[in-house]
Each structure stands twice: as structure tokens, then as C-alpha cells.
**Student:** 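The following block contains the structure, expressed as C-alpha cells.
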Amino acid sequence: MPAARSPRVANPWSGRFSEAPDQAFLAFSSSLAEDARLVREDVLGSLAHAATLRDAGILTADEHRDITIGLRAVLADLEAGRAQLREELEDVHMNVETLLGKYTAAAGKLHTARSRNDQVALDLRLFARRHLLALAEAECALADALLAKAAQHADLAMPGYTHLQPAQPITLGHALHAHAERALRDAERALDAFARANVSPLGAAALAGTSYPIDPRATATRLAFDRAFENSLDAVSDRDFAAEALSVCAIAAVHLSGFGEELTLFSSPAYGFLRLPEPLTTGSSIMPQKRNPDAAELLRGRAGRSMGALIAVLGTLKGLPLAYNRDLQEAKAPLLNGLPYCVEGVRIARALASGIEPVPERMRAALLDLARKHPAFIDIDVAAFAPDRVPARKTTPGGAAPDRVREAVKAAQRRAKELASTVRAHAQRIEAAERALLQA
Ligand code: ARG
């Protein structure tokens with residue numbers, strides 16, 4: 001039986017083919033489901049590239065103007081649903097160029113001195129950098145929420161655990177500050193990954209650069225990248241930034257899962273140390289006594305998918321020769337799904353953190369009273385060893401003593417503020433550049 005053929009569509013490479021592609025292969029090889037989320041990125045890259053072509057004298061001023069107006073119209077059409085991406089055109093790059101053809105006869109010239117290989121790398125970097133900043137921002141906000149609660153409960157004694165066995169008394173503030181430190185490191189990691197993602201690959205063309213006299217650094221500046229690529233082979237094939245972004249996400253997700261587990265455990269009736277904010281819990285249809293900690297459980301459970309996204313990308317990259325290989329398309333879905341998925345989790349963790357309410361009497365009841373339980377303590381000042389007074393004696397820097405916790409919380413709050421302002425500065429610079437390209 002002959003394979004089903006799709007209708008013949010003229011795309012940039014159909015000229016040398018006499019047969020239309022196999023229909024099942026088209027669906028198999030399409031990246032349109034993912035690419036639908038890269039329309040804005042793709043148009044931004046094309047706007048910057050068009051300006052570079054104009055500066056190189058490849059586009060006339062009129063052609064540049066028509067292409068710019070056309071690209072903005074294509075974006076508006078796609079966003080408003082007046083135009084749709086077509087599967088026969090494989091990806092967002094060919095779709096945007098084809099749609100541009102309706103607005104200007106110069107559309108075909110836009111592909112001069114570039115390739116879909118540097119385009120796709122560009123789109124993914126634009127996507128990654130935006131979401132890494134969103135992740136850093138969300139982690140700072142989570143840290144702020146945890147630190148506010150930590151300051152409030154710096155004196156509230158609770159059992160500290162090792163092996164999940166009551167070990168030594170600590171305070172709730174001490175524990176919440178521990179989670180805040182993790183969030184701050186995750187924010188820092190997101191910013192580190194941002195620095196390496198924020199490099200423009202445009203101008204690398206298919207793999208070797210181009211013989212047209214364009215300046216990749218000018219394109220990079222237009223898109224508010226820190227710099228342009230150093231090697232064209234590397235530029236089109238490097239997906240380190242995706243692996244790195246997803247590794248930041250995986251670590252962050254693992255942190256959230258530990259936090260989710262503690263909230264689940266400590267809010268359960270068996271412990272009863274905490275009450276979770278009601279809007280982030282659910283009830284049971286047949287067991288009215290229950291209040292289920294679903295948001296906390298999902299934080300615990302979602303780490304699996306975040307770790308999977310990292311492994312999926314690394315598995316795709318492993319063993320690839322230089323330079324662009326179609327395999328790289330498989331790194332798209334984990335990145336495009338994984339980053340927003342992680343940011344969403346951090347935002348929910350923040351809502352949980354700011355809504356938890358401790359139940360001091362339950363914490364007090366669970367504290368191990370050494371002075372009463374062990375005969376060796378018979379001759380000492382029993383009052384000094386009352387469990388809720390023990391943390392105050394842990395006065396080493398970083399220890400459980402309330403004054404130490406208050407100091408550490410203040411230092412962490414300063415760090416969160418500095419990080420958040422770094423994130424804002426990057427975001428503002430990028431937004432200004434993108435706005436300049438997108439607005440008439
Ligand atoms: N759809 C491809 C991807 O997502 C775009 C690049 C294709 N390049 C090529 N020469 N076939 O990776």
C-alpha cells in the first residue's frame with residue numbers, strides 16, 4: 001500500500017522534490033505543538049535580523065520597512081487567531097516567513113544570511129532567558145515569604161529532626177530560614193544560567209557563518225543579548241543552556257518537594273504543628289473530617305517531571321556530532337514545558353509559605369524533655385534545659401538561637417533584595433529592547 005501523501009505545499013526546500021512528504025512522517029517530524037509558543041520569539045529574531053540586513057545594504061530601507069510592518073502584523077494575526085500555523089510548514093520559522101509573504105513581496109529576502117538552524121537556537125534562548133528571570137524572581141519572592149515568617153517565629157521552639165526522629169529543639173524561624181537559603185541559591189543558579197543563555201546565535205546561519213557582510217554583534221545588541229556567539233558550529237548546536245536551565249529547575253523542584261513533604265507531614269493530624277492556608281487545600285467527598293494538603297503534595301510529586309525534563313534533554317544531546325542535527329528538536333518540549341512548570345511550582349510554594357500558621361501548643365507537646373527523661377540530668381539546672389529554652393543556647397553563627405536566626409534572616413533579606421533588583425534590571429533592559437522592535 002503506498003504511503004499517504006500530504007497535499008503539496010511550496011516551502012523553502014520543496015523545489016528539488018517531485019513527491020510530497022509522507023503524511024505520517026509530517027506529523028512525526030513536526031514541532032508545531034511546541035513552536036506555537038515561540039511565535040513572539042521568532043518574530044523578534046526576524047525583526048532584529050531584518051535591521052541587520054538593512055545596515056548591511058542587503059535590504060533597502062523600503063524593504064526593511066515593509067518587512068518590519070509585515071512581521072508585526074503576522075504576530076498580531078497569530079495572537080488574535082486571524083492566522084494559524086500550518087503543520088505542512090513544519091515549524092514556526094517557515095510559518096512566519098510564509099505568512100509574511102502575504103504582506104510583502106520582500107518576504108523571501110528575510111532569509112538571507114540566516115538559517116532555521118540559527119533561528120531555532122535563537123528562539124529557544126529568548127524563551128530560556130525570559131523564563132530564567134521569571135524563575136529567579138519567583139525564588140526571591142518565595143525567599144521573602146519564608147523570611148517574613150521566619151522573623152515572626154524566630155522564638156517559637158519546635159523539635160528538630162534527624163532521620164525524622166526528634167533530635168534537638170530548634171525554632172520554626174530557624175527551619176523556615178533554612179528553606180529560604182535554598183530558595184536564594186536557586187535564584188542565584190537561575191541568574192548564573194541566564195548569563196550563559198543570554199548569548200545570540202544569530203548570524204551563525206546553517207553552520208559556518210555567512211559570506212554576506214552582516215554583523216552578528218549588532219543583531220545581538222538589538223535583542224539585548226550580552227554578546228554574540230564565538231563559533232558558528234557551536235552556536236547552532238549548543239543546547240547547554242537548555243540542560244542548564246532544566247538542571248536549575250530540577251534542583252529547585254527537589255527543594256520544593258522537600259518543603260512540600262514537611263508541610264504535608266507537619267500539617268497532618270498526627271503532628272499538627274502547622275495549619276495550611278485553606279484555599280490551597282481540598283476536602284473529601286465522603287470523609288468530611290479530612291483536609292487534604294494537595295498543593296503541598298503536588299510540590300512533592302512534581303519533582304519527578306522536572307528531573308525527567310533534564311534527563312530527556314541530556315539524553316538527546318548525548319553523542320551528537322557537530323553541528324545542527326534534527327535530534328535537537330527533541331530538546332524543545334522539555335525546555336518549553338519544564339521552565340514554566342517550575343516557575344508555577346515556586347509561585348505556589350510562595351503562597352503556601354505566606355499562608356502557613358503554626359500551632360505552638362502542638363509543637364511544645366512534641367518537644368523532647370531531656371531534663372525529665374534522663375536520670376543523668378538530675379543535678380543540673382533543669383529550667384535551663386526546658387526544651388523551649390534550648391535553642392537560645394545554640395549561639396554559634398547560623399545556629400538555632402533566636403538572635404542568630406534574626407541576624408541571619410536580615411542578611412538573607414538583604415541578599416533577596418539585591419538579587420531581585422539584579423533580575424529587574426535584566427528584565428527591564430530586555431523588555432525595552434523587545435518593545436523597540438515590536439512597536440511602530
Ligand atoms: N524544526 C526544526 C527544529 O525545531 C527547525 C530547524 C530545522 N532545520 C533544518 N535544517 N531542518 O529544530
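First listed ligand is number 1; within each ligand, the first listed atom is number 1.
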**Student:** Quick one: side chain to side chain donor-acceptor pair (under 3.5 Å) partners of Glu34, sequence neighbours excluded?
**Tutor:** none
**Student:** What are the polar N/O contacts of ligand 1 with the protein below 3.5 Å, with distances?
**Tutor:**
residue  : atom   : partner : partner atom : Å
ligand 1 : 1 (N)  : Glu90   : OE2          : 3.2
ligand 1 : 1 (N)  : Asp91   : OD2          : 2.9
ligand 1 : 1 (N)  : Gln329  : OE1          : 3.1
ligand 1 : 4 (O)  : Lys332  : NZ           : 2.5
ligand 1 : 8 (N)  : Asn117  : OD1          : 2.9
ligand 1 : 10 (N) : Asn117  : OD1          : 3.2
ligand 1 : 12 (O) : Tyr324  : OH           : 2.5

**Student:** So which pairs with a foot in residues 133-152 pass side-chain hydrogen bond (donor to acceptor under 3.5 Å, both in side chains), sequence neighbours left out?
**Tutor:** Lys149-Glu357
**Student:** Pair up each side-chain donor or acceptor in residues 240-248 with any protein partner under 3.5 Å, not counting sequence neighbours, and list the distances.
**Tutor:**
residue : atom : partner : partner atom : Å
Glu244  : OE1  : Arg196  : NE           : 3.1
Glu244  : OE2  : Arg196  : NE           : 2.9
Glu244  : OE2  : Arg196  : NH2          : 2.5

**Student:** Hey, is Glu407 close enough to Arg404 for a salt bridge, meaning N to O under 4.0 Å?
**Tutor:**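 Salt bridge: yes.
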**Student:** Atom CD of residue position Glu262 - does it have more than 12 heavy atoms of other residues, nucleotides or ligands inside 6.0 Å?
**Tutor:** yes
**Student:** Salt bridge or not between Asp226 and Arg129? Use side-chain N to carboxylate O under 4.0 Å.
**Tutor:** no
